[in-house]
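Working notes for the structure below.
Throughout, protein chains are lettered first and strands after them, A, B, ... in sequence-line order, and every chain is numbered starting at 1.
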Amino acid sequence: MTDLTHPVVWFYIPCAITWICFLISVGSPDRFIDYDWLWLLFRNMSPYFWSALGVALAVGMSILGAAWGIFITGSSLVGAAIRVPRITSKNLISVIFCEAVAIYGVIVAIILQTKIEPVSPGPNGVTYDKWAMASGYSIFGSGVTCGFANLVCGMCVGIVGSSCALSDAQNNSLFVKILVVEIFGSALGLFGVIIGIIMSGGVKWTA
Amino acid sequence: MYGFEMMTFNIKDGFLEAIVRGHRSGLLTVADYNNLSQCETLDDIKMNLTSTDYGAYLANEASPIYTANIVEKCTLKLVNDWNYMRSQADETLATFMDYCTYGHMIDNVVLIVTGTLHERDVQELLDKCHPLGMFDSIATLAVAQNMRELYRLVLVDTPLAPYFSENLTHEDLDEMNIEIMRNTLYKAYLDDFASFCQKLGGTTAEIMGDMLAFETDRRALNITLNSIGTELTREDRKKLYSNFGLLYPHGHNELAIAEDFDQIRSAMEKVPAYSGIFSKLGYGESQMLDKLLYEEEVKKCVDCFEQQFHYGVFYAYMKLREQEIRNVMWISECVAQDQKGRISDGIVYLF
């Protein structure tokens, strides 16, 4: 993993961002960032691009998180169970918590997908009206929220599940205590799902 | 980044870490040592050990059983466990585990060379070598007459080759030079191992840095103690100390000029971590020092298991197993020689 105190982060990247902003601002002598030009850029992107991307991220990132968590837990569980076979059945709960994260992603993706309605563009045939644009962005935001929340939730539950398996192998009174930590961890994914559903609740594609 | 290795450690090494933690749970506890101390004969010891992890190895040993057999079987268990893990290890764990065994390799090389000097049979010496430090051409060490030949004929193909530098002399091998060779190799090995661990970064670098610093300081202390009153000059002594550790560099300067135990003591007490050890020793007394150093090492190794997702657990497991084998050997010897009162003097409880 990169070292965050490296000069790249604190000097070169700000320079690059500044340079890009400068390039964007060329063409507007009185403003540093040319918002009109940027809006032109975004105005011509269809809201269906954003909504489809939102649905994809919702399910893709959630499943990435779940898979990550399962392999972290699973590798430790398999190794520890060679010596202490009794831990396998109880510690499958950790794997189930990770799997739940994937299911949240699928549910949100299905819900988001049902909210996409076909709407035709405005008079110039390219740009959509404000309702459609807002809906597209809502669905995108909802998908990103849910997807990334589930990504980190899956990793968290996986790491704690790995420690839970190893501790249970040594001392079986520790299992339930560490499970409580995992339950709190899996609540993070639920937060993402709730906010995602709320965000996408009010979409209307026409006036 | 420190801490983010949790996300990727288990990809390659999660299984083996879980295995080594399983082995750690099988180390003998205080209750086991108490049972062993109650034994009257070596057969009793064997019976008690068959109910522990060593069961599979000792169960089929024929009576009468000797201390050497018990120790050999216990070491065989360590070697089998280690090889099982090493054969499944991926990079960089494989390199790390190899580094852990180079110390034994150096000891084996010195054993064979010393044995050859005293005209012992090569086969007999090979049996005494530590199995974790064997390499293919080890038997040809008996042929070499001086260090140059040793290097050129045998050691250049082994992992120990980079530890031989140009300052090793052409002199014939005798007692003093062999010890100097051992310590020079060990210094180069510890420096190399420490820099490898630092390159790995993260938790491994922190934990292994701490444990290797203790190891190198312990060796510096032992070198100083053993070279008081010999013809080893101060500069030569200084060359045998590693380039890292809590004593580097100022402690090394003081140790290099120390001429008796009290001067060593005042040099070591300046480091807060070691002043605790020395405060348990009375003035002028150095017999307990070995046991106190072992206790400190065991404490560090056991603490190493508190953190997950690093390689230090493998090194610590090897050290703890070796200490346990030493304990079992001590108990067996005490029982065999009917000196059970001295058992608690020599064993270091792990937990």
Side-chain angles (χ1 to χ4, degrees), chain A residues 1-6 8-9 61 64-88 91 94-95 98 101 148 150-175 178 181-182 185, chain B residues 1-27 29 52-56 77 80-81 84-90 92-93 198-205 302 304-314 316-317 320 350-351:
Chain A
M1 288 284 192
T2 56
D3 166 21
L4 273 180
T5 62
H6 197 273
V8 163
V9 175
M61 290 288 136
L64 177 62
W68 205 320
I70 291 179
F71 89 66
I72 292 180
T73 300
S75 52
S76 292
L77 184 52
V78 165
I82 288 182
R83 204 187 157 83
V84 188
R86 64 170 168 82
I87 66 170
T88 42
N91 280 279
S94 307
V95 177
C98 290
V101 162
F148 282 98
N150 284 334
L151 171 66
V152 293
C153 169
M155 289 197 312
C156 165
V157 173
I159 293 174
V160 176
S162 154
S163 305
C164 184
L166 294 177
S167 317
D168 189 17
Q170 305 267 1
N171 177 357
N172 52 4
S173 65
L174 289 176
F175 175 72
I178 300 185
V181 176
E182 269 188 72
Chain B
M1 271 188 278
Y2 184 78
F4 282 76
E5 64 221 347
M6 288 189 227
M7 304 196 295
T8 50
F9 184 86
N10 275 12
I11 300 174
K12 292 198 285 191
D13 310 313
F15 175 72
L16 289 176
E17 186 191 358
I19 299 248
V20 83
R21 281 176 186 269
H23 288 315
R24 173 235 185 264
S25 69
L27 290 169
T29 60
T52 66
D53 262 12
Y54 292 114
K77 176 180 163 49
N80 283 345
D81 291 343
Y84 175 85
M85 293 190 291
R86 171 67 184 81
S87 61
Q88 299 190 53
D90 207 339
T92 47
L93 178 57
Q198 291 305 317
K199 270 208 300 269
L200 290 177
T203 322
T204 304
V302 170
C304 183
F305 282 89
E306 306 267 312
Q307 289 204 48
Q308 209 182 333
F309 309 117
H310 63 93
Y311 292 151
V313 288
F314 295 93
Y317 168 67
L320 287 174
L350 298 187
F351 311 117

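Of all non-hydrogen atoms in Gln308(B) and Leu166(A), the two that sit nearest each other are NE2-CD1, 3.0 Å. Taking all atoms of both residues into account, the shortest heavy-atom contact from Ser94(A) to Gly161(A) is OG-CA, 3.8 Å. Nearest approach of Arg86(A) to Asn172(A), heavy atoms of both residues: NH1-CB, 3.3 Å.
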Q: Please test Arg24(B) against Gln170(A) for side chain to side chain contact (heavy atoms under 4.5 Å, CB included), starting from the C-alpha separation and ending with a verdict.
A: CA-CA 9 Å; Arg24(B) 173 235 185 264; Gln170(A) 305 267 1; 3.8 Å; yes
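Contact annotation for Ile72(A): both backbone and side-chain heavy atoms come within less than 4.5 Å of a heavy atom of chain B. Heavy-atom distances place both the backbone and the side chain of Ile11(B) under 4.5 Å from chain A. At a 4.5 Å heavy-atom cutoff, Phe9(B) makes no contact with chain A through either its backbone or its side chain. Contacts between Ala169(A) and chain B at a heavy-atom distance below 4.5 Å are absent for every atom of the residue. Heavy-atom distances place both the backbone and the side chain of Val78(A) under 4.5 Å from chain B.
Interface remark: of the candidates Gly79(A), Ala165(A), Ala81(A), Gly79(A) forms the most heavy-atom pairs closer than 4.5 Å to chain B.
Residues Thr73(A) and Asn91(A) have side chains that never bring a donor and an acceptor to within less than 3.5 angstrom of each other.
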